[in-house]
K.L.:
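Here's a structure for you.
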Amino acid sequence: MDQPKLVLFTGFLGSGKTSLLLKCAEYLAGNKKKCAIIINEIGEIGIDNLQMKKLGYDVWEIFGGCICCTLAISLEDTIRQLQEKYDTEYILMEPSGAADPSALYPTLAHCGFTQQKIKNVMIMDPTRVEMLVAVLEPYLEAAIPLADLAVINKIDVATAAEIEQSEQVIRQYNPGVSIAQIDVNELTANQIKDMLK
Amino acid sequence: MYQNVFQTLAIETKLLSRQALQNEKWQEIGCFFIQNYVEQLSKAENITIGHIKGLIELDEGNFIKFSSVAADRPVNVEILNSQGNSQEGRLTFNAIVANISKETNLTCFHMALERTCSVYGLMTDYKETIHDDGELAESEEQPCPVCHGHHHQHDETCGHHH
């Protein structure tokens, strides 16, 4: 069985990871591609997984902690089950927006997903770029360098200055990364393809 | 990384209307509630909003998802089907906020829920109350069968429902 393509949707809380993941899942389903969704939400009640299940997706939820640290074994077990029992072409994974995505990589490598086999789509909310820089710089330092594609979301509501500042922040930590500017509700097929390739 | 910095408040409750409301009305109610909650939060000093999410499940498998990251931004809404009517909305609420005590957070939730129920004439089965000393406790007295006693902590008349 071929190894599935693993797409990570990283980004701080509220950046639009779930919405973007759902658009990708919808695109894949429309193209008869089999995909599995793994979600790690913080909080005692999962809303994103509830939404996805109601939309008809089979979601593997990992609760009760963070897949980067306390639930690394659960994540590994989930991925192994997907690889062994299901003919999955894509795994779409959304770690919690409060987690350090770099801590995921050792677990993923243990499952055969080296960094080269992972597509990390890092999403940024430009409307909160000032707050991110002021309060959450360690997160930016950890998350942005890992991005294979940086996505500036919410361009329909962000100002030009916020979008420009977001781009500068991304370039500061990952000078060579491709940057896409999107409104997740108006995504084109080509934009989705870029995220999944 | 920030799992211990951001506190989560997760609550499930039912919102009941005397008559069936259109899904679009439930959308308005959800937005009003989330906006109110975020406005209450913003009154607290030094808080950082991670993400505020709500999901209202309606009849016939319909649902509406709400999310917000700031008081000065509109509440984001995803609605699958704007057609339909429901008398009951099952609210799942999840707030991820930093630099706030659970008591303050719950107070914000209470106030937003109370206001929402008052404005839209709704009832809720939410039972938790906060005493004056800030201690969380289940309500010991039998709640009012209409408002369940927690819509109006400071309104002994229970006037807006009767």
Side-chain angles (χ1 to χ4, degrees), chain A residues 10-19 22-23 40-56 63-71 95-104 125 127-128 130-132 134-136 138-143 153-154 156-158 184-185, chain B residues 1-13 23 30 34 38 41-42 46-81 84 90-99 102 105-106 109:
Chain A
T10 61
F12 188 64
L13 296 162
S15 55
K17 297 183 295 298
T18 306
S19 301
L22 278 172
K23 292 287 179 186
N40 174 224
E41 257 184 286
I42 56 172
E44 292 158 24
I45 312 168
I47 286 185
D48 297 335
N49 73 305
L50 193 58
Q51 177 194 21
M52 289 179 189
K53 284 177 181 171
K54 284 190 161 288
L55 289 170
F63 279 115
C66 170
I67 50 175
C68 298
C69 36
T70 52
L71 293 177
S96 159
D100 175 1
S102 66
L104 271 176
D125 176 356
T127 67
R128 298 216 284 175
E130 270 189 35
M131 184 276 284
L132 290 169
V135 184
L136 300 165
Y139 179 83
L140 301 176
E141 284 172 0
N153 190 17
K154 306 186 188 182
D156 53 322
V157 290
V184 77
N185 296 313
Chain B
M1 184 169 226
Y2 292 107
Q3 296 90 329
N4 297 323
V5 175
F6 284 86
Q7 308 297 316
T8 61
L9 178 67
I11 293 171
E12 285 179 306
T13 189
N23 290 1
I34 296 282
V38 175
L41 270 188
S42 303
N46 298 325
I47 61 124
T48 302
I49 295 177
H51 202 181
I52 313 302
K53 290 185 275 190
L55 189 99
I56 296 182
E57 294 175 84
L58 302 168
D59 292 347
E60 298 169 9
N62 292 323
F63 69 91
I64 312 168
K65 186 183 173 189
F66 307 89
S67 62
S68 176
V69 293
D72 60 354
R73 302 281 173 176
V75 176
N76 186 57
V77 180
E78 293 170 54
I79 182 165
L80 195 62
N81 180 10
R90 293 169 297 282
L91 171 68
T92 304
F93 176 79
N94 197 343
I96 305 171
V97 184
N99 302 324
K102 186 158 189 181
N105 203 348
L106 268 170
F109 176 84

K.L.:
How long is the gap from CG on A:Leu50 to CG on B:Asn94, to the nearest 0.5 Å?
P.N.:
11.0 Å
K.L.:
Mark yes when over 12 heavy atoms from residues, nucleotides or ligands other than A:Glu130 sit less than 6.0 Å from its CD; otherwise mark no.
P.N.:
no
K.L.:
Chain B heavy atoms under 4.5 Å from A:Ser19: which part of the residue, side chain, backbone, both or neither?
P.N.:
side chain
K.L.:
Restricting to non-hydrogen atoms, name the atom on A:Ile47 and the atom on B:Thr92 that form the minimum distance, rounded to 0.1 Å.
P.N.:
CD1-O, 3.3 Å
K.L.:
Can you name the side-chain hydrogen bond (donor to acceptor under 3.5 Å, both in side chains) partners of B:Thr48, sequence neighbours left out?
P.N.:
none
K.L.:
My understanding is that only residues two or more places apart in sequence, or in another chain, count here; which of them pass side-chain hydrogen bond (donor to acceptor under 3.5 Å, both in side chains) with B:Thr13?
P.N.:
B:Thr124, B:Asp125
K.L.:
For chain A, which residues from residues 51-58 of chain B have at least one heavy atom closer than 4.5 Å to it?
P.N.:
B:His51, B:Lys53, B:Gly54, B:Leu55, B:Glu57
K.L.:
I need the contact set between residues 61-69 of chain B and chain A: heavy-atom distance under 4.5 Å, sorted by residue number.
P.N.:
B:Gly61, B:Phe63, B:Lys65, B:Val69
K.L.:
Using side-chain contact (heavy atoms from CB on, under 4.5 Å), reason through A:Gln51 and B:Glu78 one step at a time and then give a plain yes or no.
P.N.:
CA-CA 10 Å; A:Gln51 177 194 21; B:Glu78 293 170 54; 2.7 Å; yes
K.L.:
Measuring from atom CE of A:Met131 to atom CD1 of B:Ile49, what distance do you get when rounded to the nearest 0.5 angstrom?
P.N.:
9.0 Å
